[in-house]
Every structure is written in C-alpha cells, then in structure tokens.
Amino acid sequence: MCYTGSPLSRGRTVREKPSPTMTADPVAIARNLLRCRSVTPAEGGALKFLETTLKGAGFTVHRMTFSEPGADDVENFYARIGTAAPHLMFAGHTDVVPPGDEKAWTHPPFSGEVAGGELYGRGAVDMKGGIACAVAAVLDHLVANGGKPKGSISFLITGDEEGIAVNGTLKLLQWAAERGEKFDHCILGEPSNVNALGDTIKIGRRGSLNGHLIVSGRQGHVAYPDRADNPIRGLVTIVAALQAEPLDGGSALFPPSHLEFTSVDVGNKTVNLIPGEARARFNIRFNDMHTLDSLKALIERRAARAAGSAIKFAFKWEPSNAGVFAVKPGPFTDLVAGAIAKATGRKPEFSTSGGTSDARFITQFCPVVEFGLVGQTMHAVDERVPVADLTALTAIYRTIVDRYFA
Ligand SMILES: [Zn+2]
C-alpha cells in the first residue's frame with residue numbers, strides 16, 4: 001500500500017480555517033497519489049487509493065483490466081454516484097512517465113514532499129494533482145448537498161495514457177457505452193494552462209495525418225538519362241506543388257491547417273545510377289474545415305494536377321485516430337470560464353493548440369474541455385505544483401460542479 005492516513009484529513013497546513021463543508025484536502029489526496037509508483041503500465045496503488053476514497057463517499061466503483069495482443073495489460077477505473085441526468089464526468093489518468101535519474105530530483109519523485117509552498121513528485125501536474133483537485137471538489141460538493149448530486153458525477157480514470165494508450169480511455173468509454181452509461185459533459189484534467197492557472201482552456205485539438213508520397217520512374221545509367229525516367233524530378237514537382245498552396249485560411253476556432261514534409265528518401269548509394277523510385281513523408285495538422293477523408297482527397301487532387309500525365313505517383317496514408325474536434329463555445333465553456341474567473345480573476349483563452357490527448361476519444365461520446373494545472377514542469381525533473389494552485393483548482397472545480405447541478 002503506497003498511501004497512509006485518511007484522504008479526508010483536514011488540510012490545516014493549506015486551509016487555515018476550514019469551513020464546516022470544506023473537508024477534503026486536495027494536497028493530502030495528491031500526496032497519496034504521488035506516493036504510488038504508477039509508471040505506465042503499473043497501477044502502483046493509485047487506483048486502489050481512488051477506489052477506497054470514492055467508495056467511502058458513496059460511489060459505485062468498477063475496476064477493469066484491458067488487454068491487447070503485443071501490449072501490456074492495463075488497469076482502468078470507473079466510479080459513478082447518482083443515476084439521473086445530467087451526468088458530469090471527470091476524466092484523467094493516474095499513470096505517469098518514468099522519473100528519469102531520481103538523483104537529479106531535489107525531492108524524491110515518489111515521496112510527495114512539500115517544500116517552499118510546492119508539492120513535488122512525478123505526476124504533480126500531469127495529472128495526479130488535477131485528479132486530486134477534482135476528487136476534493138466533488139467530495140466537498142457532496143458533503144454540502146446531503147451526499148448526493150442532483151444528477152450523476154463520475155470519474156473515468158485510465159492507467160494507460162502516457163504509454164501507447166491502446167488499453168485505456170477508448171476501451172473504457174466503449175465499456176461504459178455497452179453498459180448504457182450516458183455522459184452529458186466531461187472535464188479532462190490535463191495540465192491545460194501555459195503560464196498561470198486559468199490562462200487556457202483547451203476546447204479542441206487539430207487532427208493529425210501522416211502520409212507517404214511515392215513517385216515511380218525507371219532505373220538506368222546516369223550517363224543515358226533518355227533510357228531512364230528519374231522519379232526525383234517528379235517528386236520535387238509534387239512536393240513543391242503541395243507546399244505552394246495553403247490548405248485553408250483557418251477557421252473561427254482554429255489556425256490554418258499545415259502540411260510539413262518530414263523526410264525525402266531515395267536511399268541511392270550509387271553515384272552513376274538513376275533510381276527507380278523516390279519517396280517523401282509528411283504530416284498534416286488540420287482544422288475543422290477538413291475531415292481525414294476530405295483532406296486525403298484534396299492532397300491527391302492537388303498532386304494529380306501538378307503531376308499531369310507524365311509523373312507516376314501514389315499516396316500511402318497511415319491509419320489515424322486523431323481527427324479534428326472542438327466544443328463550440330456555449331453554456332458549458334461559459335460555465336468553466338466563469339468558474340475560472342471567479343477563483344483567479346483570469347479570462348481564459350479557448351485554445352485548440354498543441355498535440356493530441358485522450359479528449360480525442362471522449363469527444364465521440366460527449367462534449368469535453370480540458371482544464372487542469374499549469375503544464376510548465378510536466379515530464380521534467382522536479383515536476384511540482386504550487387500548493388496554492390491545488391487549492392485554487394479545487395475551488396474552480398467546486399464552482400463548476402455546484403453551478404452544473406444548481
Ligand atoms: Zn497527462
């Protein structure tokens with residue numbers, strides 16, 4: 001067992017004067033989680049701790065292990081209280097990336113030490129700290145409301161986010177859907193903020209697509225080019241054409257889509273040989289003006305126009321589960337932004353930047369926004385979070401839950 005004591009222990013070090021309804025201490029919960037060595041795919045006791053904590057507050061808890069050939073088995077977690085709508089889900093992961101050289105840390109990465117007003121540990125911001133704040137906020141809300149929400153609250157927590165993520169959130173959502181679970185909104189507590197708590201809500205992500213362009217020619221002697229067909233000429237023509245024209249001008253929620261070549265390959269080690277084939281690889285980060293299919297069609301059309309009848313080419317597309325998605329600004333994003341403004345005075349930016357996250361799976365089931373701690377130290381040596389941020393994020397989540405069920 002990696003934790004000790006009660007998760008509900010009063011945070012006298014944090015809250016000088018705890019009010020009668022504010023009993024859960026996010027710092028105590030975060031410390032318990034940080035002391036679990038839950039490097040992907042190890043559960044490390046983190047889910048067990050959440051199970052004990054949430055069962056104690058009346059949640060029904062399900063623990064399940066998912067498998068996939070060639071991948072590690074991973075434990076996952078779903079807890080719900082209430083049976084009625086609306087249903088607000090908090091999503092996240094308790095797995096963490098390895099700490100690297102543990103001696104490089106000022107405080108050991110799995111000790112959960114507080115020093116200089118900051119809580120240290122692998123996962124402090126990504127994202128055990130965020131989970132701790134959500135748990136504390138929900139426990140407080142329940143205590144203040146007779147132990148039951150006016151609707152349902154759930155925690156959907158995976159142990160497979162930092163790895164290859166095949167035994168995590170997607171399977172968990174499919175499992176929940178098969179049971180008839182219906183979600184109305186989700187908050188994913190990933191570290192969304194850039195510099196200060198409350199500066200950024202992620203409301204969507206660009207899609208990502210990888211493709212290969214293959215141009216075929218005819219191999220031959222470099223001194224007799226009339227007897228060969230050099231595919232490098234064709235490749236250069238198509239690469240230039242695809243780079244010349246923007247994919248779009250951006251949309252209301254997203255910046256312009258972007259195609260970037262990442263490799264051009266012939267692999268020819270011989271100086272007097274015209275190669276038979278040339279290849280290029282590229283990635284496209286795309287906005288909501290495209291789908292995966294419409295984007296492939298656009299690229300193939302532009303290449304065909306540049307190639308004319310002379311250049312023989314083909315595209316190979318890598319499978320992608322990273323389509324574009326966004327939550328349209330509206331009542332739910334306003335609710336989150338309002339709670340942030342109340343606690344921090346900041347007006348958050350609605351962002352669609354950055355890489356991909358489990359939100360890409362959740363969006364297939366309900367609207368999802370990402371809001372958690374500040375991402376500055378995630379995955380770094382000395383990952384840490386100011387205790388004040390844990391207190392403030394708990395207050396934000398509490399306001400969200402209170403207003404959601406008001
Ligand atoms: Zn994360």
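Read the numbers this way: they start at 1 and go in the same order the structure lists the ligands and their atoms. Worth knowing before you read on, the calculation uses all heavy atoms, side chains too, and leaves out hydrogens, waters and symmetry mates.
Here Glu190 meets the criterion, with an N, O or S atom under 2.8 Å of the Zn ion (ligand 1). For a distance bound of 2.8 Å, the N, O or S atoms of Glu162 include none lying that close to the Zn ion (ligand 1).
With respect to the salt-bridge test (charged N to carboxylate O, under 4.0 angstrom), the residues Arg205 and Glu190 do not qualify.
Nearest to the Zn ion (ligand 1), among the N, O or S atoms that Asp126 has, is OD1.
Residues Asn287 and Ser251 bring no donor and acceptor atom of their side chains to less than 3.5 Å of each other.
The residue from Arg122, Lys128, Glu43, Glu162 that alone fulfils the side chain to side chain donor-acceptor pair (under 3.5 Å) condition with Ser38 is Lys128.
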Please walk me through it: do Phe286 and Leu292 pass side-chain contact (heavy atoms from CB on, under 4.5 Å)?
CA-CA 9 Å; Phe286 61 96; Leu292 283 165; 3.7 Å; yes
